[in-house]
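Here the structure is laid out as structure tokens; the discussion comes afterwards.
When reading the values below, keep in mind they use all heavy atoms of this one structure, side chains included, and skip hydrogens, waters and symmetry mates. In what follows, chains carry the letters A, B, and so on, assigned in the order in which the sequence lines appear, proteins first and then strands, with residues in each chain numbered from 1.
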2 protein chains.
Amino acid sequence: MTSSPKIETKAEPKIEPKDRKLSSFLCFAVYSANLAFGRAYKPILDKVGLTYTQYIALIALSEADELTVSALGEKLFLESNTLTPILKKLELSGYIRRARDPADERQVRVSMTPAGRRLLDEDITVSLKDATGLGDEFPVVQKSVARLRDNLLRNTQGEAKKA
Amino acid sequence: MTSSPKIETKAEPKIEPKDRKLSSFLCFAVYSANLAFGRAYKPILDKVGLTYTQYIALIALSEADELTVSALGEKLFLESNTLTPILKKLELSGYIRRARDPADERQVRVSMTPAGRRLLDEDITVSLKDATGLGDEFPVVQKSVARLRDNLLRNTQGEAKKA
DNA sequence: TGAATTTGTATCGCGTCCGATCTAATCGGG
DNA sequence: CCCGATTAGATCGGACGCGATACAAATTCA
């Protein structure tokens with residue numbers, strides 16, 4: 001769309017600086033959609049005393065138990081500086097347990113408590129699937145956004161980690 | 001393994017509680033894609049001394065100048081508690097101006113400085129369009145995510161504001 | 001007009017994110 | 001075996017996002 005090459009120009013002939021509408025920014029769509037998700041989850045999660053991030057971390061843990069902090073972080077794209085306080089709160093809430101691995105005392109193994117498992121089995125977020133209003137598109141959008149994320153991480157992690 | 005009730009229940013015949021994979025969650029895709037965007041923008045925005053949110057706010061302001069804080073908040077889906085500190089930093093950085101409206105001293109009019117306008121004209125984020133790796137899908141995904149956001153806000157704002 | 005209410009912004013506290021740094025445990029070479 | 005390097009978490013400070021609240025300006029209405 002940016003290039004409709006009738007005649008070959010060296011660079012862009014002329015770019016209007018004005019046509020940078022916020023609505024055209026994919027990053028803003030994702031940013032604001034994330035805010036919207038947080039607000040949608042809030043009244044539901046308030047009832048069980050969890051935050052949005054804590055709930056997501058709990059789901060990640062439900063897939064594979066006894067994960068280390070860094071292994072959990074790989075699933076969530078987070079590191080210990082973010083994860084540690086969250087896990088401490090989840091432990092305080094009684095949904096998970098944290099314990100140093102006897103085989104390697106540097107590592108912390110995180111596991112779900114029965115209370116945590118019970119919470120997820122309730123499936124408190126069923127109502128939200130309708131709220132997305134995506135219908136059959138739901139899995140398509142989900143995959144597109146996941147692909148977007150993976151592309152962004154791959155194409156920038158290169159610079160971040162390389163430096 | 002926690003419970004596999006063979007007896008037929010009235011509503012859902014049988015839902016495996018285990019198949020709630022993190023990767024199947026749209027909210028997680030959006031959540032992590034937002035993190036990825038923030039990380040992708042960071043090295044670029046660091047060079048001009050802006051944060052991700054500050055940059056988005058600047059773009060919103062470029063569309064319509066002399067906005068009030070709440071009008072800007074409507075564009076950004078943010079309120080004064082979040083916006084005020086951000087705008088103060090943008091003012092301190094010299095990219096915007098803040099001034100009480102003489103006609104209504106309650107309101108604060110926000111406008112861009114020439115430095116702010118110059119910054120946006122540089123279009124420092126061009127390189128990121130490729131990093132999304134979406135190609136022609138780009139506008140489709142953007143619209144889907146924006147629609148998702150609008151649906152979520154509409155379907156939950158009702159409860160939030162009504163209460 | 002004057003008191004009550006509403007409105008627009010700002011402040012505060014908590015919970016993420018994240019870069020930078022710290023500490024303790026493990027590993028590896030000599 | 002000891003010492004330096006690496007690794008896994010944790011801590012700290014800065015910047016959001018947001019509910020609750022404060023405060024002053026504007027509006028309403030008796």
Side-chain angles (χ1 to χ4, degrees), chain A residues 31-43 45-46 49-58 67-74 76-93 98-110 153 156-157 160-161 163, chain B residues 31-43 45-46 49-57 67-74 76-93 98-110 153 156-157 159-161 163:
Chain A
Y31 166 84
S32 50
N34 185 50
L35 294 184
F37 257 124
R39 291 169 199 179
Y41 270 105
K42 181 130 208 322
L45 292 177
D46 275 350
L50 286 181
T51 65
Y52 185 43
T53 308
Q54 287 168 19
Y55 181 66
I56 288 179
L58 207 54
L67 285 177
T68 65
V69 172
S70 47
L72 192 55
E74 279 180 29
L76 296 167
F77 306 99
L78 294 174
E79 294 175 23
S80 71
N81 51 5
T82 302
L83 222 37
T84 296
I86 293 170
L87 295 177
K88 283 189 171 179
K89 279 159 205 150
L90 277 173
E91 184 179 39
L92 208 61
S93 301
R98 290 160 68 248
R100 290 280 168 182
D101 188 334
D104 186 343
E105 290 277 348
R106 290 174 302 181
Q107 298 183 146
V108 170
R109 296 282 169 184
V110 187
L153 289 176
T156 58
Q157 184 177 357
K161 294 276 178 175
Chain B
Y31 165 84
S32 50
N34 185 49
L35 293 185
F37 256 125
R39 291 167 198 180
Y41 270 102
K42 179 129 209 322
L45 292 177
D46 274 349
L50 286 180
T51 66
Y52 185 44
T53 309
Q54 287 169 18
Y55 181 67
I56 288 178
L67 286 177
T68 66
V69 172
S70 47
L72 193 55
E74 280 181 28
L76 295 167
F77 305 99
L78 294 175
E79 295 175 21
S80 70
N81 51 5
T82 302
L83 265 181
T84 296
I86 292 171
L87 295 177
K88 283 190 171 181
K89 279 160 203 151
L90 276 173
E91 184 180 37
L92 209 60
S93 302
R98 290 160 67 249
R100 291 279 167 182
D101 188 335
D104 186 343
E105 289 280 347
R106 289 173 304 181
Q107 299 183 142
V108 169
R109 296 282 169 183
V110 187
L153 289 176
T156 58
Q157 184 177 356
E159 296 180 43
K161 295 276 178 175

Mind calculating the distance between [atom1] ([X]) and [atom2] ([N]) to the nearest angstrom?
X: Leu35(A); N: dG15(C); atom1: CG; atom2: C1'; result: 15 Å
X: Arg106(B); N: dA10(C); atom1: CZ; atom2: P; result: 13 Å
X: Lys42(A); N: dC18(D); atom1: NZ; atom2: C1'; result: 8 Å
X: Ile56(A); N: dC17(C); atom1: CD1; atom2: P; result: 8 Å
X: Leu50(A); N: dC14(C); atom1: CG; atom2: C1'; result: 15 Å
X: Tyr52(B); N: dG19(C); atom1: OH; atom2: C1'; result: 19 Å
X: Asn34(A); N: dG15(C); atom1: CG; atom2: P; result: 19 Å
X: Asp101(A); N: dG9(D); atom1: CG; atom2: P; result: 9 Å

Respond yes when some side-chain nitrogen or oxygen of [X] is under 4.0 Å from OP1 or OP2 of [N], and no when none is.
X: Thr53(B); N: dA15(D); result: no
X: Arg98(B); N: dA10(C); result: yes
X: Gln54(B); N: dC16(D); result: yes
X: Thr68(A); N: dA8(D); result: no
X: Lys89(B); N: dC16(D); result: yes
X: Tyr31(B); N: dC17(C); result: yes

Where the side chain of [X] is defined as all heavy atoms beyond and including C-beta, which of [options] is the nearest nucleotide?
X: Ile86(B); options: dT26(C), dG15(C), dC16(D); value: dC16(D)
X: Thr84(B); options: dT11(C), dT16(C), dG17(D); value: dT11(C)
X: Asn81(B); options: dT11(C), dG17(D), dA10(C); value: dT11(C)
X: Ser70(A); options: dC16(D), dG15(C), dA8(D); value: dA8(D)
X: Lys88(B); options: dA10(C), dC18(C), dA26(D); value: dA10(C)

Subject >> Arg39(B) or Arg109(B), whichever maps to the more 5' nucleotide of DNA chain C >> reply: Arg109(B)
Subject >> Which atom of Tyr31(B) lies closest to which atom of Asn34(A), heavy atoms considered >> reply: CA-OD1, 3.3 Å
So [X], base contact, sugar-phosphate only, or nothing? Heavy-atom distance under 4.0 Å.
X: Leu83(B); result: nothing
X: Thr82(B); result: base
X: Arg100(A); result: sugar-phosphate

Original post:
Between the base of dA10(D) and the side chain of Ser80(A), is there a donor-acceptor distance below 3.5 Å?
Top reply: yes
Original post:
Starting at the 5' end of DNA chain D, which residue's closest nucleotide do you reach first, Ala36(A) or Ala71(A)?
Top reply: Ala71(A)
Subject >> From Thr82(B) atom OG1 to Leu76(B) atom CG, the distance as rounded to the nearest 0.5 Å >> reply: 10.0 Å
Original post:
Just how far is it from atom OG of Ser32(B) to atom CG of Leu78(A), taken to the nearest 0.5 Å?
Top reply: 9.5 Å
Subject >> Residue list, side-chain contact (heavy atoms from CB on, under 4.5 Å) with Ala99(B), at least two apart or on another chain >> reply: none
**OP:** Using the side-chain contact (heavy atoms from CB on, under 4.5 Å) rule, take Leu90(A) and Val110(A) through it: C-alpha gap first, then chi angles, then the decisive distance, then the call.
**Re:** CA-CA 10 Å; Leu90(A) 277 173; Val110(A) 187; over 6 Å; no
Subject >> Identified side-chain hydrogen bond (donor to acceptor under 3.5 Å, both in side chains) partner of Arg109(B) from the options Asp104(B), Thr68(B), Asp101(B) >> reply: Asp101(B)
